[in-house]
Enquirer: 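Just dropping this structure here.
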Amino acid sequence: MDMNDFYKRFISDTYDENGMLTAIDVHIPDNYNFGYDVIDEIARLDPDRRAMVWVHEDGEEHTFTYSELMKKSNQTANMLLAHGVKKGDKVLSVLKRHYQFWFLTIALCKIGAVLIPATNQLMKKDYTYRFNAADVKYVVATADGEVSDHIEEAIAEYGGIKEKYIARGDREGWISFDKEIEKYPDTMERIENKATDDMLLYFTSGTTGYPKMVLHSHYYAVAHIHTAKHWHNLTADTLHFTISESGWGKCMWGKMYGQFTCAAAIFVYDFTRFHSADILQKIQDYKVTSLCAPPTMFRMFIKEGIEGYDLSGLKYSTIAGEALNPEVYNRWLEYTGLKLMEGFGQTETVLVVGNLPGMEPKPGSMGKPSFLYNVDIVDEDGNSLPAGETGEIVIRTNGRGDQVGMFKEYYKNPEETDNSWNNNMYHTGDTAWRDEDGYYWYVGRTDDVIKASGYRIGPFEIESVLMEHPAVLEVAVTGAKDPIRGQVVKATIVLTKDYKDKGNDALVKELQDHVKKNTAPYKYPRIVEFVDELPKTISGKIRRVAIRDNDNK
């Protein structure tokens, strides 16, 4: 068969006479399993098809075919089964960008165990919280750095871990993942499951409180066909590069389910610290054809000087993770000839809003609603808002579980689940407005919206304008209490190196005037504070709540 059509086993997509997507129909077997029905089936149909090009920063390289992924995941599954892992068990993975992560993820899917990805930046208290909250039974971790040290400290306090595996190295008391899997056969009998069974559990990187646990079923893997086919614009000939560590949800968005179901190949660069020149060199040398990264990385690429690299192999580029500054869009287009196709979604969903192939993106807009979901913008009472008015992005449903790709629940947290998913409506907690053409424009989190003198002001637009000033390296815009206006706009700014010693009243006025000239004057920051760094979550998202809390002390 034509491998470009493989994904059609699970969805039917309809296009108009101009080639624009108009509808998606999902058809999934009741016993659907990504491991058997995608990886193993492509391995049967086209065993030598390239699946993953993996490159380590020390120069080590491996290219894995679909057949090899099938065999390695089978060996991993057989090893885990022999060591007691069973359906429903929670397995925590801390594997950075190691290729072992793909072996493990597919293996757990085949077993019916639940994968919990985690970033290598976690500390002992983070692991202890995750172990207890999710009832973790097994751990697979990298030997790099101090990861296993922190895990050991957490295990000593938790006491519920049955086995611990270490990859790319050895440690006393740990089972060597790489050596142990070689003892087991590379074939296995299918273990039956239901598509509604638990498959994946993510801890969200929220800006307030402890992380919530987002639980997904096997349906989640199918829904990401939409992400890969209709947003990343993948074909079976694509070599796609999403820059994300395996501990983040973006990895599953860009380096797993949808990409493999499109029979495409993924590019994985296993690095410790991000260096824009290094990444650009890899895109050039390995002829990456599709790239997805957050705006921050594209800004770094531009500052690095992308004109010094041959990026002619790139055919498509997408962007997500934070709202897109139009300046980044324009500079990338100028250098590469490629439009940055922005998309929006959450750990709880797949693509919710996006610029799809054939659409003309409006720089700074997230695009239009996904055909998978009934997306709307509503007021505080759940009423749909007209064009131009800011409200919360919601997904209208016929009840929980009727939307393929949406999370099942916040695990062990029915109150939070009820708060976010009620009245046949899932509340994203993100605000936006739509224009007359139906494009959505991001404003901010519901708790980030500033209400000053009767105006509802989103931080992103002001941040975008300030980022265009050469003095601004990073900025967070928040609302500060004011006895007259209720709130006023505050900008907390990290200065560029050329302005480090120029953070005076004159620069404050210059920045305020810059905002007044480039957006509605009422949005200018009445308070400007210069700081050495901004408070951030472990995933790198700015914690505006920390700035607000500090102001209220």
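Residue indices begin at 1 and follow the sequence shown. What you see is a predicted model, and the numbers here were worked out from it, not measured in a lab.
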Enquirer: Give the C-alpha distance, both sets of side-chain angles, the deciding distance and a yes or no for side chain to side chain donor-acceptor pair (under 3.5 Å) between E61 and Y286.
Expert: CA-CA 11 Å; E61 295 183 25; Y286 289 89; 2.6 Å; yes
Enquirer: Is there any salt bridge (Lys or Arg N to Asp or Glu O under 4.0 Å) pair reaching into residues 524-540, and which pairs are they, with sequence neighbours excluded?
Expert: E474-K536, K490-E529
Enquirer: Would you call R273 and D278 a salt bridge, using N to O less than 4.0 angstrom?
Expert: no
Enquirer: Considering non-hydrogen atoms only, spot the tightest contact between Q100 and A167 and give its length.
Expert: CG-CB, 4.2 Å
Enquirer: Would you call K124 and E157 a salt bridge, using N to O less than 4.0 angstrom?
Expert: yes
Enquirer: Parallel, tilted or perpendicular: which one describes the rings of Y99 and H62, with boundaries at 30° and 60°?
Expert: perpendicular
Enquirer: Tell me if the aromatic rings of Y127 and H150 count as close, with their centers under 6.0 Å from one another.
Expert: no
Enquirer: To check you understand the geometry: which heavy-atom pair defines the closest contact between T478 and R548, and what is its length?
Expert: CB-CG, 4.1 Å
Enquirer: Flag the pair K509 and D505 as a salt bridge only when some basic side-chain nitrogen lies within less than 4.0 angstrom of an acidic carboxylate oxygen.
Expert: no
Enquirer: Got a sec, which pairs hit ring-ring contact (aromatic ring centres under 6.0 Å, His included) with one end in residues 485-504, sequence neighbours left out?
Expert: none
Enquirer: Looking at residues at least two apart in the chain, or sitting in another chain, which of them share a salt bridge (charged side-chain N to carboxylate O under 4.0 Å, His left out) with K250?
Expert: none
Enquirer: So does K368 pair up with D437, basic N to acidic O under 4.0 Å?
Expert: no
Enquirer: I'd like to know whether S370 forms a side chain to side chain donor-acceptor pair (under 3.5 Å) with H226, so could you lay out the CA-CA distance, the side-chain angles of the two residues, the decisive distance to 0.1 Å, and finally the verdict.
Expert: CA-CA 9 Å; S370 160; H226 179 50; 3.0 Å; yes
Enquirer: So that I can tick it off, tell me whether E463 and R544 are bridged by a salt bridge, with the cut-off set at under 4.0 angstrom between side-chain N and carboxylate O.
Expert: yes
Enquirer: Suppose we call two aromatic rings close when their centres sit under 6.0 Å apart. Are H224 and W253 close by that rule?
Expert: yes
Enquirer: Give the intermediate values and the outcome of salt bridge (Lys or Arg N to Asp or Glu O under 4.0 Å) for residues E360 and K339.
Expert: CA-CA 9 Å; E360 184 59 39; K339 300 171 182 178; 2.8 Å; yes
Enquirer: Shortest non-hydrogen contact from T289 to L239?
Expert: OG1-N, 2.9 Å
Enquirer: Please walk me through it: do R97 and E245 pass salt bridge (Lys or Arg N to Asp or Glu O under 4.0 Å)?
Expert: CA-CA 5 Å; R97 295 170 174 86; E245 195 230 294; 5.6 Å; no
Enquirer: What's the verdict on side-chain contact (heavy atoms from CB on, under 4.5 Å) for L115 and S93, showing C-alpha distance, side-chain angles and the deciding distance?
Expert: CA-CA 7 Å; L115 171 70; S93 162; 3.7 Å; yes
Enquirer: Run the side chain to side chain donor-acceptor pair (under 3.5 Å) check on Y410 and E348 step by step: do they pass?
Expert: CA-CA 9 Å; Y410 291 117; E348 291 87 344; 2.6 Å; yes
Enquirer: Using a strict cut-off of less than 4.0 Å between a Lys/Arg side-chain nitrogen and an Asp/Glu carboxylate oxygen, indicate whether D144 and K96 qualify as a salt bridge.
Expert: yes
Enquirer: Between F301 and W332, how do the two ring planes meet: parallel, tilted or perpendicular, split at 30° and 60°?
Expert: tilted
Enquirer: Using the ring of each side chain (for Trp, its six-membered ring), is Y269 parallel, tilted or perpendicular to F271, with breaks at 30° and 60°?
Expert: tilted
Enquirer: What orientation do F267 and F241 show, parallel under 30°, tilted 30 to 60°, or perpendicular over 60°?
Expert: perpendicular
Enquirer: Between the side chains of E510 and K502, is the shortest nitrogen-to-carboxylate-oxygen separation below 4.0 Å, so that they form an ion pair?
Expert: no
Enquirer: Is any NZ, NE, NH1 or NH2 atom of the basic residue among K287 and D310 found under 4.0 Å from an Asp or Glu carboxylate oxygen of the other?
Expert: no
Enquirer: Could you check Y202 against F407 for ring-ring contact (aromatic ring centres under 6.0 Å, His included), going step by step and ending with a plain yes or no?
Expert: CA-CA 10 Å; Y202 264 112; F407 73 124; over 10 Å; no
Enquirer: Determine whether the side chains of Q121 and D126 contain a donor N or O and an acceptor N or O closer than 3.5 Å.
Expert: no
Enquirer: What's the shortest heavy-atom distance between T390 and T431, and which atoms?
Expert: CG2-CB, 4.1 Å
Enquirer: Please report the closest heavy-atom contact between A223 and L372, naming both atoms and the distance.
Expert: O-CD1, 3.8 Å
Enquirer: What are the two closest heavy atoms between G254 and T242, and how far apart are they?
Expert: CA-OG1, 3.3 Å
Enquirer: Hey, is R434 close enough to D376 for a salt bridge, meaning N to O under 4.0 Å?
Expert: yes
